2 protein chains.
Amino acid sequence: MWRLYQFPLCPFSRKIRLLLGEKSVPFELVREDPWAAGDAFWDLNPAGRTPVLVDDERNLVLADSRAIAEYFEETVDKAPMINGSSINRAEIRRLVALFDENFYADVTAPLLSERMKKRIVLRQPPDSGALRQAMKLAHGHLDYMDWLIDNRPWLAGSQMSLADLAAAAQISVADYLGGIDWAGHEQTRGWYAVFKSRPSFRPLLTERMEVIQPPPHYAEIDI
Amino acid sequence: MWRLYQFPLCPFSRKIRLLLGEKSVPFELVREDPWAAGDAFWDLNPAGRTPVLVDDERNLVLADSRAIAEYFEETVDKAPMINGSSINRAEIRRLVALFDENFYADVTAPLLSERMKKRIVLRQPPDSGALRQAMKLAHGHLDYMDWLIDNRPWLAGSQMSLADLAAAAQISVADYLGGIDWAGHEQTRGWYAVFKSRPSFRPLLTERMEVIQPPPHYAEIDI
């Protein structure tokens, strides 16, 4: 069985958990906090980042969330998530990069820094200016998602894809950390409500990260 | 014909230029400086980043360097760069992410900030502490590459792959900006010398970015 090295608020690990859930690939979780990672973890992944997937029986180690997603796309037929023509697939991968890189850098990373790392590791209060800036940039990303959903059933086209999983993973962490103001984003809110009701999403919504509590609406599937 | 929006020291555009060169896909260059990008460029790519590839005849726009690489891997048979078993392909993609994300964040991005952006845009002197830190982290990455090349003909295995192109692209920008000290890295230096002699690499080595000049060894193919 696969072991997934992750921590509860890692958006890239969440993307892989959603993917493995949709594809019905069994796995168990191994907690790996990036700020406390030791040599054993760095030996598994020289990038020093979660997620990492390990299968001891086959002596396999997979690292980097996009490399992991492509691997399961190639090896598991169920629930294709990078599907369609090469153009469609390029659009899926473009959006995955937009959420993995831009949304993460603008929104999720500063929220994790201010509301998780400063609380758990550094024992400092959050910088309210940084939080305001992250929430402001989140509105810009949600505006773009609203526009996509106005034009397509799912973010990258007519079918659910890895782009939806990547976006839902980032948003779920940002929402947990109180960084998403849903007012004025009815399209994305509706898309996200559908997502929250999927079986692959339930384990994420019930999980908590120590002293950090999400807002009341976080795990409600009809909001 | 494809038009590639890029600027001379963009490592992600260089990766795509190497890939298109190896695959013999014709393209023309369009200069797009990220600090001066206007609405027209943001409309092409909401991530606001180079490279972007446009084919007007077919009304195609491709953005994100990994999405672009996967597209040409799927549509052009010549010079496969994400090849082999699913495990091999996962290893190639893991290394591409390592160079695109970790090497870039540790080495290329601070060098670009200190030696290009501060010179051309901000008109400030570079921060020598930031430069020293980038060069120190470069040694760590080159150590890892030395180790890979001790164990494999190419970075990801027995064949040249997108991992080699991604690494060469980052290193070429870092080397242009004087951030690579080759002493003690004979393996990687030998690998890079082979690379510099390839026809796909020559256009990069002869190009200059305005007032910023590379060190004398930069374009010499036997060093």
Side-chain angles (χ1 to χ4, degrees), chain A residues 12 42-49 51-53 55 58-76 82 84-106 109 137 140-141 143-145 147-148 155-156 162-163 166, chain B residues 12 42-49 51-53 55 58-76 82 84-106 109 137 140-141 143-145 147-148 155-156 162-163 166:
Chain A
F12 308 104
W42 282 87
D43 286 345
L44 282 179
N45 182 15
R49 293 179 181 176
V52 175
L53 264 180
D55 181 339
R58 291 185 291 161
N59 198 25
L60 287 180
V61 180
L62 303 178
D64 177 64
S65 69
R66 274 183 260 176
I68 292 171
E70 298 277 352
Y71 175 84
F72 285 100
E73 190 67 14
E74 293 178 2
T75 57
V76 179
I82 310 174
S85 70
S86 291
I87 309 265
N88 295 141
R89 293 157 66 87
E91 175 67 355
I92 292 166
R93 292 182 177 116
R94 174 185 79 82
L95 287 169
V96 170
L98 186 71
F99 294 109
D100 280 4
E101 297 178 16
N102 294 63
F103 190 104
Y104 177 73
D106 290 344
L137 293 174
H141 285 283
D143 284 343
Y144 183 62
M145 293 180 68
W147 177 81
L148 288 174
L155 291 178
L162 191 62
Chain B
F12 308 104
W42 282 87
D43 285 347
L44 281 179
N45 182 15
R49 293 180 182 176
V52 174
L53 265 181
D55 181 339
R58 291 185 292 161
N59 198 25
L60 287 181
V61 179
L62 303 178
D64 176 65
S65 70
R66 273 182 263 177
I68 291 171
E70 298 277 353
Y71 175 85
F72 284 100
E73 190 68 15
E74 293 178 3
T75 57
V76 179
I82 311 173
S85 69
S86 291
I87 309 269
N88 296 140
R89 293 157 65 87
E91 176 65 356
I92 292 166
R93 292 180 177 118
R94 173 185 80 81
L95 287 169
V96 170
L98 187 72
F99 294 109
D100 281 4
E101 297 178 16
N102 294 63
F103 191 104
Y104 177 73
D106 290 343
L137 292 174
H141 285 283
D143 283 342
Y144 183 61
M145 292 180 68
W147 178 81
L148 288 174
L155 291 178
L162 191 63

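Since the structure is predicted, the reported quantities are computational estimates derived from the model, not experimental observations. Labels below follow one simple rule: chain letters A, B, ... track the order of the sequence lines, proteins then strands, and each chain is numbered from 1.
Looking at heavy atoms from C-beta onward, H141(A) lies out of side-chain contact with P46(B) at the 4.5 angstrom threshold. Residues S85(B) and E74(A) are not in side-chain contact: their nearest non-hydrogen atoms beyond the backbone lie 4.5 Å or more apart.
In this structure, the side-chain contact (heavy atoms from CB on, under 4.5 Å) partners of D55(A), at least two apart in sequence or on a different chain, are W2(A), E57(A), R58(A), L60(A). Under the side-chain contact (heavy atoms from CB on, under 4.5 Å) criterion, E101(B) pairs with R49(A), D64(A), R66(A), R66(B), A97(B), not counting sequence neighbours.
Of the atoms belonging to R89(B), it is side-chain heavy atoms, and not backbone ones, that fall under 4.5 Å from chain A. For L62(A), the part lying under 4.5 angstrom from a heavy atom of chain B is the side chain only. When heavy atoms are compared at a cutoff of 4.5 Å, I87(B) approaches chain A by way of both its backbone and its side chain.
Taking each heavy atom of Y71(B) and S86(A) in turn, the nearest pair found is CD1-O, 3.6 Å. Contact record, R93(B) with A67(A): CB-CB, 3.6 Å, taken as the closest heavy-atom pair.
By the 6.0 Å contact criterion, CG on D43(A) is enclosed, its count of non-hydrogen atoms from other residues, nucleotides or ligands being greater than 12.
With chain A as partner, the option from A47(B), A90(B), G48(B) having the largest number of non-hydrogen pairs under 4.5 angstrom is A47(B).
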